[in-house]
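Please read the structure below before turning to the comments.
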Amino acid sequence: MPELPDLQAFSHNLQKMLAGKTIKKVEVPNAKKLNVTTAELDEILSGQKLEKVYREGKELHIKFSKGDVLGLHLMLHGKLFLFDTKNENKYSIIELHFEDGRGLVLTDFQGIATPTLNPDKKDVPDALDVDAEYFKKRLAKTKTNIKTVLLDQKIIRGIGNAYADEILWHARISPFSVSNKIPEAKLKDLVKAIKGVLEDAEQSILKSNPDIINGEVRDFMNIHNSKKKQSPTGAAIIVNDASRKTYYTEEQELFE
DNA sequence: ACGCGTGTTACTGT
DNA sequence: GACAGTAACACGCG
């Protein structure tokens, strides 16, 4: 469930709470897709000091003193918890035990959240780094609708279903617009909306939940919000009937 | 109490 | 190959 602003808030707080701690042991009760063996992971990380936690696309990255990085992808339901001495949370995927006795656990009842040791560098830009020029070039031949593009991690990393709707409303672009029909000026609005919506959301989350490291806060969202019937400017919010719901209004221009 | 929600991969079909 | 659509993963939550 967490999207980019949630992950951004988590990384901020994990950094505050965990930087400087040294790994005593790593346990991996359930990570089918981990790219190294449990023994290798424990061997490599044990003794290293946790230096930094940051977000890359939809992953959290934990950087250690010898330069190794542990990537955590929370997928739909991954949750992080801190614990004293022993993890009591169900559905544990991976546990980092620190020398002071405390620990960090990633859980996922669905079992699909994934840790990765030293994930490959991606050349796809992060959502907070794109500019209009990039979109113009990248979308020139793309006929897919713009919402699908925002969700495509091979084009732009970090945006999920809920924030895609929120961003497109702010840019006043219909989610069903054909990507290569969107005029350049509108692509500029889109880039501004991406940064504005995502950065404002992170601030809202940290303001209402200063220590958050899991879950999600969505009550401030204006469009992708089942409790709201109208946009802030008074237009009726329309919800389509697909498996991934799209929320939008007639205020958004359709390019086709 | 029961239906909704979320990311990714894998697959079919046009 | 581009693009659309769907299922599966399986439970917490209101």
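All values derive from a computational prediction rather than experimental measurement. Just so we're on the same page: letters track the sequence lines, and every chain starts at 1. Values reported hereafter were calculated over all heavy atoms of this structure, with side chains retained and with hydrogens, waters and symmetry mates removed.
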**Asked** Given the rule that a pair is Watson-Crick or G-U wobble with both distances under 3.5 Å, how would you write DNA chain B in dot-bracket, using | for pairs to a different strand?
**Response** .||||.||||||||
**Request:** Could you note down all residue pairs passing salt bridge (charged side-chain N to carboxylate O under 4.0 Å, His left out) where residues 42-52 of chain A supplies at least one of them, sequence neighbours left out?
**Result:** none
**Prompt:** Which nucleotide sits closest to the side chain of A:Lys245: C:dC3, B:dC4, C:dC13?
**Reply:** B:dC4
**Fill in**
When rounded to whole Å, the CZ to C1' distance for the pair A:Arg244 and B:dG3 reads 15 Å
**Complete:** A:Glu95 meets the salt bridge (Lys or Arg N to Asp or Glu O under 4.0 Å) criterion, sequence neighbours left out, with none
**Prompt:** Among all residues two or more places apart in sequence or in another chain, which pass the salt bridge (Lys or Arg N to Asp or Glu O under 4.0 Å) test with A:Glu88?
**Reply:** none
**Message:** Output the rounded distance in Å from CD1 (A:Ile155) to P (C:dA2).
**Reply:** 11 Å
**Asked** Does the side chain of A:Tyr91 get closer than 4.0 angstrom to OP1 or OP2 of C:dA10 through an N or O atom?
**Response** no
**Message:** By nearest atom, which of the nucleotides C:dG12, C:dC3, B:dT8 is closest to the A:Lys143 side chain?
**Reply:** C:dC3
**Prompt:** Please give, in whole Å, the distance from B:dG7 P to A:Arg157 CZ?
**Reply:** 16 Å
**Prompt:** Can a side chain N or O of A:His224 be found less than 4.0 Å away from OP1 or OP2 on B:dT6?
**Reply:** yes
**Request:** Indicate, with yes or no, if A:Ile93 and A:Val28 share a hydrophobic cluster defined by side-chain heavy-atom contacts under 4.5 Å among Ile, Leu, Val, Met, Phe, Trp and Tyr.
**Result:** yes
**Asked** C:dG5 C1' sits how many Å from A:Lys147 NZ, rounded?
**Response** 15 Å
**Asked** Taking the hydrophobic residues Ile, Leu, Val, Met, Phe, Trp and Tyr, and joining any pair whose side-chain heavy atoms are under 4.5 Å apart, which ones share a cluster with A:Phe83?
**Response** A:Phe81, A:Val105
**Prompt:** Is any side-chain N or O of A:Arg218 closer than 4.0 Å to OP1 or OP2 of B:dT6?
**Reply:** yes
**Asked** For A:Ile94, which of A:Asp108, A:Leu41, A:Thr107 qualifies under side-chain contact (heavy atoms from CB on, under 4.5 Å)?
**Response** A:Leu41
**Message:** On the nucleotide B:dT6, are OP1 or OP2 found under 4.0 Å from the side-chain N or O atoms that A:Lys58 carries?
**Reply:** no
**Prompt:** Looking at DNA chain C, which of residues 103-120 of chain A put a heavy atom within less than 4.0 Å of it?
**Reply:** A:Phe109, A:Gln110, A:Ile112
**Message:** As a quick check of understanding, evaluate salt bridge (charged side-chain N to carboxylate O under 4.0 Å, His left out) for A:Lys21 and A:Glu99, giving each step before the final call.
**Reply:** CA-CA 7 Å; A:Lys21 291 183 190 278; A:Glu99 281 187 342; over 6 Å; no
**Asked** Roughly, in whole Å, what's the span from CZ in A:Phe176 to P in C:dG5?
**Response** 10 Å
**Item:** All ring-ring contact (aromatic ring centres under 6.0 Å, His included) counterparts of A:Phe255, not counting sequence neighbours
**Value:** none
**Prompt:** With a 4.0 Å cut-off on heavy atoms, is A:Lys227 in touch with a base, just the backbone sugar-phosphate, or nothing at all?
**Reply:** nothing
**Item:** B:dG5 and C:dA7, which share atom name C1', separated by this distance in whole Å
**Value:** 16 Å
**Prompt:** Under 4.0 Å between a side-chain N or O of A:Lys32 and OP1 or OP2 of B:dT8?
**Reply:** no
Less than 3.5 Å apart, which donor and acceptor atoms pair up between the side chains of residues 165-173 of chain A and the rest of the protein, not counting sequence neighbours?
{"unit_1": "A:Asp165", "atom_1": "OD1", "unit_2": "A:Lys147", "atom_2": "NZ", "d": "2.8"}
{"unit_1": "A:Asp165", "atom_1": "OD2", "unit_2": "A:His224", "atom_2": "ND1", "d": "2.7"}
{"unit_1": "A:Asp165", "atom_1": "OD2", "unit_2": "A:Tyr247", "atom_2": "N", "d": "2.8"}
{"unit_1": "A:Glu166", "atom_1": "OE1", "unit_2": "A:Ile223", "atom_2": "N", "d": "3.1"}
{"unit_1": "A:Glu166", "atom_1": "OE1", "unit_2": "A:His224", "atom_2": "N", "d": "3.0"}
{"unit_1": "A:Glu166", "atom_1": "OE2", "unit_2": "A:Asn222", "atom_2": "N", "d": "2.5"}
{"unit_1": "A:Glu166", "atom_1": "OE2", "unit_2": "A:Ile223", "atom_2": "N", "d": "3.3"}
{"unit_1": "A:Trp169", "atom_1": "NE1", "unit_2": "A:Glu251", "atom_2": "OE1", "d": "2.8"}
{"unit_1": "A:Arg172", "atom_1": "NH1", "unit_2": "A:Trp169", "atom_2": "O", "d": "2.8"}

**Request:** Would you indicate what A:Thr148 reaches in the nucleic acid, counting non-hydrogen atoms under 4.0 angstrom: base, sugar-phosphate, or nothing?
**Result:** nothing
**Item:** Options B:dT8, C:dG12, B:dG5, nucleotide nearest the side-chain atoms of A:His77
**Value:** B:dG5
**Prompt:** What residue pairs, at least two apart or across chains, pass salt bridge (charged side-chain N to carboxylate O under 4.0 Å, His left out) with a residue in residues 111-132 of chain A?
**Reply:** A:Arg55-A:Asp126
**Asked** Taking it one step at a time, do A:Thr142 and A:Thr144 satisfy side chain to side chain donor-acceptor pair (under 3.5 Å)?
**Response** CA-CA 6 Å; A:Thr142 305; A:Thr144 318; 5.8 Å; no
**Request:** Would you mind listing every salt bridge (charged side-chain N to carboxylate O under 4.0 Å, His left out) that reaches into residues 71-84 of chain A, with sequence neighbours excluded?
**Result:** A:Asp84-A:Arg102
**Prompt:** Within less than 4.0 Å of OP1 or OP2 of B:dG5, is there a side-chain N or O belonging to A:Tyr247?
**Reply:** yes
**Prompt:** With nearest nucleotides of DNA chain C determined for A:Lys141 and A:Lys79 from heavy-atom distances, which residue corresponds to the more 5′ nucleotide?
**Reply:** A:Lys141
Between protein and nucleotides 9-14 of chain B, what N or O pairs are separated by less than 3.5 Å?
none

**Complete:** Here the distance between atom C1' of C:dC3 and atom CG of A:Asn180, to the nearest Å, is 13 Å
**Item:** Span that lies between the P atom of B:dT8 and that of C:dG12, in whole angstrom
**Value:** 22 Å
**Message:** If I pick the C1' atom on C:dT6 and the same atom on B:dT6, what distance separates them, to the nearest angstrom?
**Reply:** 16 Å
**Prompt:** Tell me: CG of A:Leu151 to C1' of C:dG5, nearest whole Å?
**Reply:** 15 Å
**Request:** Starting at atom CG of A:Asn89, determine the distance to atom C1' of C:dC11, rounded to an integer number of angstrom.
**Result:** 15 Å
Please tabulate, one pair per line, all N/O donor-acceptor pairs under 3.5 Å involving side-chain atoms of residues 109-117 of chain A, not counting sequence neighbours.
{"unit_1": "A:Gln110", "atom_1": "OE1", "unit_2": "A:His77", "atom_2": "NE2", "d": "3.3"}
{"unit_1": "A:Thr114", "atom_1": "OG1", "unit_2": "A:Ile112", "atom_2": "O", "d": "3.0"}

